[in-house]
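Counting starts at 1 for both ligands and their atoms, in listed order.
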Amino acid sequence: MKNIKENLEKVTAKLPDGVRLVAVSKFHPVEELAEAYAAGQRLFGENRVQELVAKAPQLPEDIRWHFIGHLQKNKVRALMPHVSVIESVDSVELLRLIEKEAARIDRTVDVLLQLHVAQEETKSGFSVDEVLEAAEAGELTENLPHIHVCGVMAMASLTDDMEQVAQEFDLVRRTFVTLKDECFDESEYFNELSMGMSDDWPIAVKYGATLVRIGTAIFGPREY
Ligand SMILES: *Cc1c(COP(=O)(O)O)cnc(C)c1O
């Protein structure tokens, strides 16, 4: 028996005002998501398009689905009708494709720019230099009428070295501030810093996270 409701309450009780929880439900069955929903949770995170698209129609419509995984270009169309926020935009090319697919079904979609600050090469995302170059070139703001760029998302290194993790979150925060000042100062949307997972979210909150993405601490370990 999993104590999903209790786990949720434990986490949300510790979140400061203004920090929202994305319950990362990947690899967990819809019954468990329904349990979290019954406990009041409305934001859910999934990292595979097929899984999100399969789960969404089985659950209440007021859930806001956040996509948090690497998004392949040929999956954007399938994702578009269901997703609220695409947190993992990692290239200008993907941003343009999302614009095109959102326009095609006449909707607006919220996105976050994923930053690569961790040591692992396998993680995706813009490097800090890449995102600042794209900003300077106008590629994050121009000709994107169906997109609200709402901020940045990042994962820290998988390490026990919490000083390293803190430095990475601080770099994310500083990059967010630079982008906001130099590129999004007139945007009413660019306000979100999505960082922090089960093992490091208190540090992320210290560095200004507005969204934390927590899976294991709510639903238990995943069975892959
Ligand atoms: C799986 C995942 C999480 C949640 O990780 P936990 O350690 O289970 O809390 C957060 N963010 C991303 C991008 C993920 O893929």
Pull out every atom of ligand 1 sitting under 4.0 Å from any heavy atom of G215, numbered as shown with elements.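 That gives atoms 4 (C), 6 (P), 8 (O), 9 (O) of ligand 1.
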By number and element, which atoms of ligand 1 are closer than 4.0 Å to a non-hydrogen atom of T216?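 Selected atoms, number and element: 6 (P), 7 (O), 8 (O), 9 (O).
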Can a non-hydrogen atom of I214 be found less than 4.0 Å from any atom of ligand 1?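 Yes, that is the case, since the closest heavy atom of the residue is under 4.0 Å from the ligand.
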Looking at ligand 1, does E87 have a heavy atom less than 4.0 Å from it?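 Distance cut 4.0 Å: E87 fails for ligand 1.
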Within the 3.5 Å criterion, strictly below it, is a donor on [X] or [Y] matched to an acceptor on the partner's side chain?
| X | Y | result |
| --- | --- | --- |
| E87 | S194 | yes |
| T210 | E192 | yes |
| S25 | E32 | no |

Over-ring placement of R42 relative to Y37, 6.0 Å and 45° cut-offs: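 Judged by the rule (NZ or CZ under 6.0 Å from the ring centre, within 45° of its axis), R42 counts as positioned above Y37.
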Note the single closest protein heavy atom to atom 9 (O) of ligand 1, along with its residue, its atom name and the distance in Å.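 Answer for atom 9 (O) of ligand 1: S198 OG, 2.5 Å.
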Give me the residue, atom name and distance of the protein heavy atom closest to atom 11 (N) of ligand 1.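 Here the nearest protein heavy atom works out to R213 NE, 2.9 Å.
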Apply side chain to side chain contact (heavy atoms under 4.5 Å, CB included) to residues H70 and Q114 and explain how you reach the verdict. CA-CA 10 Å; H70 177 65; Q114 182 172 357; over 6 Å; no
Nearest non-hydrogen contact with atom 12 (C) of ligand 1 belongs to which option: V22, I68, V212?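 Of the listed residues, I68 has the closest heavy atom.
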Given M153, M197, K26, R48, identify the one with the heavy atom nearest to atom 2 (C) of ligand 1.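 Residue with the shortest heavy-atom distance to the ligand atom: K26.
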Return each pair, listed once, that meets ring pair (Phe, Tyr, Trp, His ring centres under 6.0 Å) where at least one residue sits in residues 130-178; pairs must be two or more places apart or across chains.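 Pairs touching residues 130-178 that pass the test: H148-Y189, F176-F190.
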